[in-house]
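Worth knowing before you read on, the calculation uses all heavy atoms, side chains too, and leaves out hydrogens, waters and symmetry mates.
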Amino acid sequence: MCVAGGIMRRIRPAARLRGELTVPGDKSISHRALMLASIADGTTRILNIAPGRDVRSTANCLARLGVSIHQTGSGVAVHGRGLCGFEQPADCLDAGNSGTTVRLLSGILAAHPFESVITGDESLRRRPMARVLEPLRRMGASIDADRESRAPLRIRGGRLRPIHHALPVASAQVKSCVLLAGLHADGETSIEEPWVSRNHTELMLPLFGVVVRADGPSSCVSGPARLRATTIDVAGDPSSAAFFLVAACVLPGSELIIRDVCVNPTRTGLLRVLGSMGARLSFEGVRIVGGEPRADIVVRSSRLHGAAVPVDLIPSIIDELPLLAVAATQAEGETVVRGAAELRVKEADRIHAVVRNLGLMGAHATELNDGFVICGSQRLRGVVVDSFGDHRIAMAFAVAGLVAEGETMIAGAGSADVSYPGFYDALDEVIDG
């Protein structure tokens with residue numbers, strides 16, 4: 001049982017998870033749907049949009065740029081302003097805690113012939129932005145940042161030129177930023193990654209009538225493009241479903257169905273790793289909606305064994321790695337994660353946060369520069385752990401609390417609202433005993 005307590009959350013041990021549930025709409029898809037709808041001609045309906053604070057930050061920024069967004073039935077309606085139709089904002093654009101908002105929106109603002117400033121909370125202002133600044137400057141935008149290339153970003157946009165850009169590190173946010181800027185450039189803009197990252201932008205653009213050429217880690221658009229309004233039905237967020245999947249795997253006697261989840265292969269890295277560790281997972285009713293595959297996921301308690309996570313899977317599992325670390329404590333043998341230095345520059349330093357909290361709970365975990373090593377078959381003890389203001393750390397250690405001995409208290413548990421308002425209540429609903 002989870003009991004609210006101010007900024008703390010109490011998690012008690014659980015016997016098993018049983019039943020079925022749905023999770024909120026996918027956060028990554030929702031950000032992109034709002035942004036593409038805002039530069040389309042006509043009114044786009046977005047169904048099952050993600051309800052968390054990050055997506056609200058995107059909507060609020062777009063509203064300050066003159067985009068009308070309002071609730072309609074089971075979704076929102078976005079009245080697009082066309083490719084270069086934004087109004088100059090009267091004040092700074094506040095992206096809150098959302099790195100997706102600041103990075104993707106920068107690609108659109110780079111093409112608008114006015115000055116804008118986009119910033120965010122203290123956590124966001126610590127996160128690196130050089131990887132979007134460099135290609136946007138090459139495309140012709142004038143962008144100022146602090147000496148460490150961090151927000152706030154002051155963007156003076158205008159006419160953009162197309163580029164080919166090779167990313168040293170796979171990043172869906174940087175890729176999407178360049179592609180969004182490329183929609184406004186006169187000619188062909190292409191981007192290449194060392195490994196395939198999530199491809200929601202490439203799958204969504206054709207729904208708005210834009211031709212995308214994608215071949216593995218390479219993507220290309222031609223501009224200037226004209227986007228036509230459409231309807232987007234957002235599937236359930238696999239990153240939100242992951243917490244319930246892992247909890248059901250590690251609690252004996254569990255059986256759970258999670259309905260209507262996005263199972264895009266660029267987002268199912270955790271499922272593949274869990275499968276290699278012995279998890280009993282299956283998809284039912286696989287279908288394609290709006291270019292994105294979705295399915296009902298069935299999970300049963302499983303006897304897990306440790307694994308070394310393949311480096312080429314890291315982009316598709318990056319958000320779930322803190323949760324994988326929790327699962328690894330309950331697996332037999334050792335689990336190794338390397339090639340995940342990106343975790344250092346998320347909402348918190350997730351490598352440090354994971355290793356510190358697991359250590360407090362009595363687990364043996366080793367911090368690496370680019371990952372961690374987790375020893376398995378460990379008994380966790382309930383203690384006070386810190387979310388470090390990071391939604392994924394808060395929710396991952398709620399799962400840890402379910403298998404720990406005694407009560408676990410999560411400081412800063414409210415950070416879960418960034419992506420999953422109501423997470424703790426949803427967890428309570430499927431706890432059986």
For the residue pair [X] and [Y], establish whether any side-chain heavy-atom pair is separated by less than 4.5 Å.
{"X": "His79", "Y": "His70", "result": "yes"}
{"X": "Thr201", "Y": "Val212", "result": "no"}
{"X": "Leu109", "Y": "Leu153", "result": "no"}
{"X": "Thr329", "Y": "Ile374", "result": "yes"}
{"X": "Ile393", "Y": "Phe397", "result": "yes"}
{"X": "Thr100", "Y": "Thr58", "result": "no"}
{"X": "Asp237", "Y": "Ser419", "result": "no"}
{"X": "Leu343", "Y": "Val354", "result": "no"}

What residues, two or more places apart in sequence or in another chain, satisfy ring pair (Phe, Tyr, Trp, His ring centres under 6.0 Å) together with [X]?
{"X": "Tyr420", "value": "Phe423"}
{"X": "His352", "value": "Phe388"}
{"X": "His364", "value": "none"}

Over all atoms of both residues, closest heavy-atom pair of [X] and [Y]:
{"X": "Pro293", "Y": "Pro265", "value": "CG-CD, 4.2 Å"}
{"X": "Lys175", "Y": "Ser197", "value": "NZ-OG, 3.2 Å"}
{"X": "Ala225", "Y": "Leu83", "value": "O-CD2, 3.1 Å"}
{"X": "Cys220", "Y": "Glu188", "value": "SG-CG, 2.8 Å"}
{"X": "Ala248", "Y": "Val299", "value": "CB-CG1, 3.7 Å"}
{"X": "Gly209", "Y": "Arg228", "value": "CA-NH2, 3.5 Å"}

Looking at [Y], is its backbone amide N or carbonyl O close enough to the side chain of [X] to form a donor-acceptor pair, meaning the two atoms are under 3.5 Å apart?
{"X": "Arg32", "Y": "Ser28", "value": "yes"}
{"X": "Arg81", "Y": "Gly66", "value": "yes"}
{"X": "Arg103", "Y": "Ser176", "value": "no"}
{"X": "Asp432", "Y": "Ala15", "value": "no"}
{"X": "Gln71", "Y": "Gly75", "value": "yes"}
{"X": "Thr44", "Y": "Thr230", "value": "yes"}
{"X": "Ser301", "Y": "Gly253", "value": "yes"}
{"X": "Glu193", "Y": "Ala166", "value": "no"}

Taking side chain to side chain donor-acceptor pair (under 3.5 Å) as the test, write out the residues that go with [X], two or more places apart.
{"X": "Arg338", "value": "Asp370"}
{"X": "His200", "value": "Arg267, Glu292"}
{"X": "Arg16", "value": "none"}
{"X": "Ser123", "value": "Asn97"}

How many angstroms lie between atom [atom1] of [X] and atom [atom2] of [Y], to the nearest 0.5 angstrom?
{"X": "Ser302", "Y": "Leu245", "atom1": "OG", "atom2": "CG", "answer": "10.0 Å"}
{"X": "Ile257", "Y": "Leu21", "atom1": "CD1", "atom2": "CG", "answer": "10.0 Å"}
{"X": "Leu93", "Y": "Ser57", "atom1": "CG", "atom2": "OG", "answer": "11.0 Å"}
{"X": "Leu167", "Y": "Ile191", "atom1": "CG", "atom2": "CD1", "answer": "4.0 Å"}
{"X": "Met129", "Y": "Cys177", "atom1": "CE", "atom2": "SG", "answer": "10.0 Å"}
{"X": "Glu134", "Y": "His165", "atom1": "CD", "atom2": "NE2", "answer": "5.0 Å"}

Within a radius of less than 6.0 Å around [atom1] of [X], do more than 12 heavy atoms belonging to other residues, nucleotides or ligands occur?
{"X": "Arg303", "atom1": "CZ", "result": "no"}
{"X": "Arg131", "atom1": "CZ", "result": "yes"}
{"X": "Arg344", "atom1": "CZ", "result": "yes"}

Tell me which pairs pass side-chain hydrogen bond (donor to acceptor under 3.5 Å, both in side chains) where either residue lies in residues 45-54, with sequence neighbours left out.
Lys27-Asp54
With a 3.5 Å cut-off and sequence neighbours excluded, list the donor-acceptor pairs that the side chains of residues 406-418 form with protein atoms.
residue : atom : partner : partner atom : Å
Glu407  : OE1  : Arg10   : NE           : 3.2
Glu407  : OE2  : Arg12   : NE           : 2.9
Ser415  : OG   : Asp390  : O            : 3.4
Ser415  : OG   : Gly412  : O            : 3.0

Please walk me through it: do Gln330 and Leu304 pass side-chain contact (heavy atoms from CB on, under 4.5 Å)?
CA-CA 7 Å; Gln330 306 305 299; Leu304 301 180; 5.7 Å; no
Evaluation steps, side-chain contact (heavy atoms from CB on, under 4.5 Å), between Phe86 and Ile39
CA-CA 8 Å; Phe86 285 174; Ile39 58 173; 3.9 Å; yes
Apply side-chain contact (heavy atoms from CB on, under 4.5 Å) to the pair Asn264 and Leu203, showing each step before the final yes or no.
CA-CA 10 Å; Asn264 182 317; Leu203 293 177; 3.4 Å; yes
Test applied, side chain to side chain contact (heavy atoms under 4.5 Å, CB included); reference residue, Val273; option that passes from Thr268, Val337, Leu324:
Leu324
For salt bridge (charged side-chain N to carboxylate O under 4.0 Å, His left out), just list the numbers for Arg287 and Asp260, CA-CA rounded to whole Å, side-chain angles, deciding distance to a tenth of an Å, and then say yes or no.
CA-CA 9 Å; Arg287 59 267 190 206; Asp260 207 32; 2.8 Å; yes
For residues 311-321, which side-chain donor-acceptor pairs fall under 3.5 Å, sequence neighbours excluded?
residue : atom : partner : partner atom : Å
Ser316  : OG   : Leu313  : O            : 2.9
Asp319  : OD2  : Arg198  : NH2          : 3.2
Glu320  : OE2  : Ser239  : OG           : 2.5

Not counting sequence neighbours, which residues clear side-chain contact (heavy atoms from CB on, under 4.5 Å) with Ala247? List them please.
Leu17, Val399, Leu402
For Glu405, enumerate each residue passing the side-chain contact (heavy atoms from CB on, under 4.5 Å) test, keeping only those at least two apart in sequence or located in another chain.
Arg379
Worked verdict on Val132 versus Gln173 for side-chain contact (heavy atoms from CB on, under 4.5 Å):
CA-CA 9 Å; Val132 297; Gln173 291 181 3; over 6 Å; no
Between Glu347 and Arg392, does any NZ, NE, NH1 or NH2 come within less than 4.0 Å of an OD or OE carboxylate oxygen?
no
